[in-house]
Amino acid sequence: MRAPLSWLKSFTPLPAEPTERDTVLELGAELDALGLVVEGMEFVGEGLDDVIVSQVLDISPIEGADRIRRVVVDVGGGRTTEVVCGAWNFEAGDVVPFIPAGGELPGGLRIERRTMRGVTSNGMLCSPRELALADDHAGLMILARPGAGNAPGVELGMPLAEHLAIGRDVVFDLAVEANRPDCLSILGIARDLAAHYGLPLEVPVPYLAEVLPPASELASVSVEAPELCLRLTGRVLTGVTIVPSPPAVQRRLTLAGMRPINCAVDASNYVMLELGQPTHPYDLDRLGGRGLVARAARPGESLVTLDGETRLLGTRPARDSLAMSALDCLVCNARDVPVGIGGVMGGASSEIAADTTAILLEAALFLPVAVGRTARWLGLRTEASVRFERGVDPEGVERASLRVCELMVEAATAAGVAPPGLARGLLDDAPVGFERTRLSLRPQRANALLGTDLRAIDMVSLLEPIGYVVAGDRESATAPIELTIPPWRPDVSREVDIIEDVARTFGYQKITRTERRSPYVGRLDRVQLLRRQLRRVLTGLGAHEAWTGSIVDPAEQARAHLGEGLVRLANPMVAEESGLRAGLLGGLMAALRHNSGHRHPWLRLFEIGDVFFMSPTPGDGGGEPVVRPHEREHMALVLAREGDDAASAVQAWRVIADSLGIVGIDLVQSEPDLEQRGALTGLHLARSARLFVATGPGAARRCPGDTAGVPGPTGDCGSGTLVGSVGEVEPEVIEAFGLPHERIGWLEVNLKGLACSPRKAPLARPVSRYPSSDVDLAFTLDESVPAIRVEETLRQAATELCESVELFDVYRGSGLPSGSRSLAYRLRFCALDHTLTDGEVAQLRRRCIDAVEEALPARLRG
Amino acid sequence: MARESEASPDATLRAAPFGAAELADAQSEALTRIEAATDLASLEEAERQAVGKRSHFAGLYQQLRAFEPSERKDAGQRLQKVRRRLDEAITAKRAELTAAERVGRLAADRLDLTEVLPAARQGHLHLVTRVREELEDVFVGMGYEIAEGPEIETDWYNFQALNIPVDHPARSSVDTFFVEAAEAETLLLRTHTSPVQIHLLERRELPIYAVVPGLVYRRDTPDATHLPAFHQLEGLVVDRGVSFGDLAGTIETFVHAIFGETVRSRLRPAYFPFTEPSAEFEISCMICDGSGCRTCAGTGWIELGGCGMVHPAVFEATDVDPEEWTGFAFGFGIDRLAIMRHGIADLRSFIENDVRFLEQF
């Protein structure tokens, strides 16, 4: 909302002058403190001091120049001067602004005397834009066109600002919050300011004599849809002459950001800005049926609005949940032909034109939600719709429409034409009456909520100036204060809204700050701790943390083989951002691609974030399960340094498991199978494995539940749950992302699954003080037998005397049967209470060999 | 020490039977030899020559026997004194040479520490994570729990329970992403972290002291200052007798904890459907300390976030008695805080994941 200071001051004598910058800045600060945030302040009318009014006497061509002409102007006081001008929109006799050489334009540009092609230019004739008065730069600003001779009412040589009656002014650009529709008007802003400064507020009461015949003989109004339109009123003006508005009106409209059009449209816009009530003037003769009807649009009805667009109403696509209440309010003429969209925009057919002589002025109350709905549906938010959507003053309708008529009479008078006649009587159909809201305010409640110590009488004195009316006892300290809410405050619907007004008018900054201590000990929960630990381990592994978007391009996901079955957005902005990621592979591969494109391909990156998938959930009331989108938090690590591969990924996983003390997750590698990819989508089938929570009694920990206690899909944790995958990215995916890597390692886990997985026992294991003995064993075994089986068997056989089992060599090649390899393990033995004897060690060695050879198709390598 | 004795020869030696001069000469010769040693081997040689069995000095000891017993004692003492002098010189020299030799050995082992090849580097946390964790720590220190909630929400949690019914004008100011579901517009990507307020009020024992960090989504075209997904931090306190003054005080407390004691905060009226009274909170500009600069658009204040007293309608939607319990909520953008602090020109740097950017933090 753009509010010119001069306009505000027409309601209340604010202590600010455009010429005194400090007073203006102070007023701006007070507006901020009232919640009317000043987003901009424009000082206008400055810099016009050197510009005067002149009249063109003669225009002549300059030899050899076809873009500029020599112009002689009368600058008053019997003096004439010569300028070179490049504009073509004027003729001899026109009254135009002139700035003599040596003067400065607004913005500080200094005009110098110049000579062009032998002609001296002693100044400049100005366009509206050059004078910062309007955006028009098509030609000179034409102040009057009286033809040859004297222009009536024009004093040549007079300062332009004086001629235009445009003193200096300041325009405040205010951000008005959605709950303050009253401040979408100059009056509303002035009211808040007057109350704040303790100044009187003068609200204009329009008055106009009425003429016969009565309006009811000329037109009619009726509301057929009280669920959309609460009240429809009309006034009829006859004998109208369409003239431009007086300069003062045009000037205020321009400052407020609206373009002056003609006296009728300007009057309507002016009143909307001034009082907040939108109105609409119809050309009564072009209206068709001489009357207005507010009714619901029928499905498929359309209308060409003032802006020339065809608008389709009364219908919605099926996916719009508002379909059931898809009701748009149409204003129709008496023959049921649509002539306007209620509260949004008028129709083109009955627009005010230069030859309009009779006007039917609509002033109505449309239902806020209906206007908002229609404006959203049409994508057409107008000055009127914004005001109706938030709520206009239901008691201000008549005043506003009378004020429009008054302004039109003033415009006619100023232009020297016959004023229009206002037909007697207000056409009015108000099926839904308005009653002011009454609420009570408990002073103790207000003080408790605000932390203040205000007396009831203090609160009353804060509320009365902004329009609250107090009923009954205003002195009692404890009794609730009975209040009638100002009609222009639809936002005040309960006690707490009044409390906010008390706080606002008292001043937020004056409320004493107090300390409130939490009775709890703050700490992170299990998943939050895990997340932090994971991040530290991952950065320790050299990985940078990435943030890739959760809204993804399905085509990009397809490159990572994750394009199937994505959760989709119903209203994406572009097709490239229409899915929700089902895994982190696509995003991290794209991040690698970005860096690769900037010559940094050798990287490790990780990300922790939610992924989305379709999953069955019990229906309402425990009915049939419905498949609905769900989400789960994942951590993924992509290993793309030189030499990184599936082995690096497994090593990274071991470091993570070790640092987190996770002991109960099995790495399960199955036979490569294209049909059974599951968690291995996008991964190398023969070089990847799934991670499962180990099965067995008491393996998994109790599930910690979601932090905010939101139930997620089942099967996220517990023994036997799939918690992730580790291995290598499928070569085809690497290629699809255009990366130079031969191999890229990958690890992805479900964070909650990880949080619920078994951890190392918290009890310390004593460390032996006796010397230990190492036993190295190498076994030859078939490629089909996983090494983990050997290790597990060794651990079992080696008893608790075994401190560690470590694979230290893998050999393939000559001396071994084809299709097999040799795995060499080092076992370290020691006892807590003595040094192991050679005999004991030999016995353990034998046990281990026998166990492996017995359990597996493996032979000790000689 | 050896030089000192050279410079002031002992006067008593003059009376010595083998002549003061002789003894002084022997001492100074031996000292010169010791001093001349350049390594431990030559020092050993010097020692042998000075005080060894065949040294001139050893000869003087031999001569003692020939002296009168009355003179022997005195001569012996003088001789002994010289001997001590020489031993001291040798010990000192040995220490000096030993040290020099160690230095030499290490010097030969020199490594230019600036020619070291780069090793695998430590990874860096995302800047947003750093700021988020820092904020979390401040609130954990204040006794708040960190609460979280899902990013896919229902209309109820994101809007209706927060006093934003269907057709509420506040809905049109926020452009929402809806998720395809059986029933249109029932599931959406949360547009703020406030739905977690509802989850907390529904499921937690009162009182509640919690902050909620997390990703939120708005249908904004990405540009330098907008991303369709960004991080917010929301705070919720519900207890008996919580007041607007408590809210202002709490904001002041965490503003000090996060930005430093010199930064001030202030509240000014605003509107949010789920709080009443509502406020924007601002902090004094860290760049110009409140005197006005480009960062704060000359106002001296930077808008940080929104806050207010929990609206009774929110309590009613979650079956909490607004007469018994009151509370406040606040929220602000984590990413915005990060770009402000680190002078980041374009928010999109956060999702580009360029290693040259990531490594800076």
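Lettering follows sequence order; numbering is per chain, from 1.
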Original post:
Under the side-chain hydrogen bond (donor to acceptor under 3.5 Å, both in side chains) criterion, do Asp354(B) and His594(A) qualify, and how do the steps go?
Top reply: CA-CA 7 Å; Asp354(B) 194 305; His594(A) 168 89; 2.9 Å; yes

**OP:** Evaluate the criterion side-chain contact (heavy atoms from CB on, under 4.5 Å) for residue pair Leu449(A) and Val242(B); output intermediate values, then yes/no.
**Re:** CA-CA 7 Å; Leu449(A) 195 68; Val242(B) 176; over 6 Å; no

**OP:** Go through the steps for Asp246(B) and Glu515(A) under the test side-chain contact (heavy atoms from CB on, under 4.5 Å), then give the verdict.
**Re:** CA-CA 5 Å; Asp246(B) 293 335; Glu515(A) 246 190 288; over 6 Å; no

**OP:** Evaluate the side-chain contact (heavy atoms from CB on, under 4.5 Å) criterion for residues Leu125(B) and Phe606(A): first the C-alpha distance (whole Å), next the side-chain angles of each, then the deciding distance (0.1 Å), finally the verdict.
**Re:** CA-CA 9 Å; Leu125(B) 292 180; Phe606(A) 77 94; 4.2 Å; yes

Original post:
Which is it for Thr514(A) and Thr250(B) under the side-chain contact (heavy atoms from CB on, under 4.5 Å) test, yes or no, and what are the steps along the way?
Top reply: CA-CA 8 Å; Thr514(A) 43; Thr250(B) 302; over 6 Å; no

**OP:** Could you please spell out the steps behind the side-chain hydrogen bond (donor to acceptor under 3.5 Å, both in side chains) verdict for Glu148(B) and Gln528(A)?
**Re:** CA-CA 10 Å; Glu148(B) 290 162 25; Gln528(A) 290 159 353; 3.1 Å; yes

Original post:
Going through the checks in order, is the side-chain hydrogen bond (donor to acceptor under 3.5 Å, both in side chains) test met by Ser265(B) and Arg513(A)?
Top reply: CA-CA 11 Å; Ser265(B) 68; Arg513(A) 293 170 184 198; 3.2 Å; yes

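With a threshold of 4.5 angstrom between heavy atoms, Arg130(B) does not approach chain A through any atom at all. Within the 4.5 angstrom heavy-atom criterion, only backbone atoms of Ala543(A) (N, CA, C, O) approach chain B. For Thr548(A), the parts sitting under 4.5 Å from any heavy atom of chain B are the backbone and the side chain alike. For a residue to count as touching a neighbouring chain, one of its non-hydrogen atoms must lie under 4.5 Å from one of that chain's; by this rule Arg628(A) touches chain B with the side chain only. Contact annotation for Leu25(A): neither backbone nor side-chain heavy atoms come within less than 4.5 Å of a heavy atom of chain B. Contact annotation for Pro368(A): neither backbone nor side-chain heavy atoms come within less than 4.5 Å of a heavy atom of chain B. With a 4.5 Å cut-off on non-hydrogen atoms, Leu189(B) touches chain A through its side chain but not through its backbone. With a 4.5 angstrom heavy-atom cutoff, Arg604(A) does not touch chain B via any of its atoms. Only the side chain of Ile511(A) comes within contact range of chain B, with at least one heavy atom under 4.5 Å from a heavy atom of that chain. Heavy-atom distances place the side chain of Leu603(A), and not its backbone, under 4.5 Å from chain B. When heavy atoms are compared at a cutoff of 4.5 Å, Val37(A) approaches chain B solely by way of its side chain, counted from C-beta outward. Contacts between Arg180(A) and chain B at a heavy-atom distance below 4.5 Å are absent for every atom of the residue. For a residue to count as touching a neighbouring chain, one of its non-hydrogen atoms must lie under 4.5 Å from one of that chain's; by this rule Val496(A) touches chain B with backbone and side chain alike. Interface residue Ala313(B): backbone and side-chain heavy atoms are both found under 4.5 Å from chain A. Contact of Leu605(A) with chain B is made through the side chain alone, with heavy-atom distances under 4.5 Å. Neither the backbone nor the side chain of Arg599(A) comes within contact range of chain B; no heavy atom of the residue lies under 4.5 Å from a heavy atom of that chain.
Between atom CG of residue Leu227(B) and atom CD1 of residue Ile551(A) there is a gap of 10.5 Å, rounded to the nearest 0.5 Å. The CG atom of Asp610(A) sits 9.0 Å away from atom CD1 of Ile152(B), with the distance rounded to the nearest 0.5 Å. Note that CD1 of Ile146(B) and CG of Asp525(A) are 9.0 Å apart. Values are rounded to the nearest 0.5 Å. Within the model, atoms OH of Tyr209(B) and CZ of Arg516(A) stand 4.5 Å from one another, a figure rounded to the nearest 0.5 Å. Atom CG of Leu588(A) sits about 7.5 Å away from atom CG of Asn353(B), to the nearest 0.5 Å. Remark: His544(A) NE2 to Gln122(B) CD distance equals 9.5 Å, nearest 0.5 Å.
Applying the 6.0 Å contact sphere to CZ of Arg523(A) captures no more than 12 heavy atoms from other residues, nucleotides or ligands. Counting heavy-atom neighbours within 6.0 Å of Arg121(B) CZ, excluding the residue itself, gives a total of 12 or less.
Arg517(A) is not listed as a side-chain neighbour of Met142(B), based on a closest heavy-atom distance of 4.5 Å or more. At least one side-chain heavy atom of Phe177(B) sits under 4.5 Å from a side-chain heavy atom of Met573(A). Contact check for Met309(B) versus Glu500(A): no side-chain heavy atoms found under the 4.5 Å cut-off. Considering only heavy atoms from C-beta on, Pro277(B) stays 4.5 Å or farther from Asp501(A) through its side chain.
Ranked by heavy-atom pairs under 4.5 Å with chain B, the list Pro519(A), Ala591(A), Gly372(A) is led by Pro519(A). Ranked by heavy-atom pairs under 4.5 Å with chain B, the list Glu577(A), His600(A), Glu607(A), Glu495(A) is led by His600(A). Most heavy-atom pairs under 4.5 Å with chain B: of the set Ala590(A), Gly540(A), Ala370(A), Gly587(A), this distinction falls to Gly540(A).
Remark: the backbone N or O of Val355(B) is paired with a side-chain donor or acceptor of Asn595(A) at under 3.5 angstrom. Between the side chain of Arg219(B) and the backbone N or O of Asn571(A), at least one donor-acceptor pair lies under 3.5 Å. Remark: the backbone N or O of Gly522(A) is not paired with any side-chain donor or acceptor of Glu145(B) at under 3.5 angstrom. With Gln509(A) contributing its side chain and Leu267(B) its backbone, the two residues share a donor-acceptor pair below 3.5 Å. Under a 3.5 Å cut-off, the side chain of Tyr520(A) and the backbone N or O of Pro207(B) do form a donor-acceptor pair.
Across every non-hydrogen atom of Pro269(B) and Glu177(A), the tightest pair is O-OE2, 4.5 Å. The minimum heavy-atom distance linking Ser518(A) with Gly143(B) is given by the pair OG-O, 2.7 Å. For the pair Glu276(B) and Asp497(A), the tightest heavy-atom approach, listed with the atom from each and the gap, is OE2-OD1, 2.8 Å. Val179(B) and Pro629(A) get closest at one heavy-atom pair: CG1-CG, 3.7 Å. Contact record, Gly451(A) with Ser243(B): N-CB, 3.5 Å, taken as the closest heavy-atom pair. Residues Ser550(A) and Glu151(B) share a closest heavy-atom pair of OG-OE1, 4.3 Å.
Ring to ring, Phe244(B) and Tyr508(A) are close: their centroids are under 6.0 angstrom apart.
Relative ring orientation between Trp547(A) and His126(B) is described as perpendicular, the plane-to-plane angle rising above 60° on a 0-90° scale split at 30° and 60°.
None of Arg531(A), Glu545(A), Arg532(A) except one satisfies the side-chain hydrogen bond (donor to acceptor under 3.5 Å, both in side chains) rule with Thr129(B); the exception is Glu545(A).
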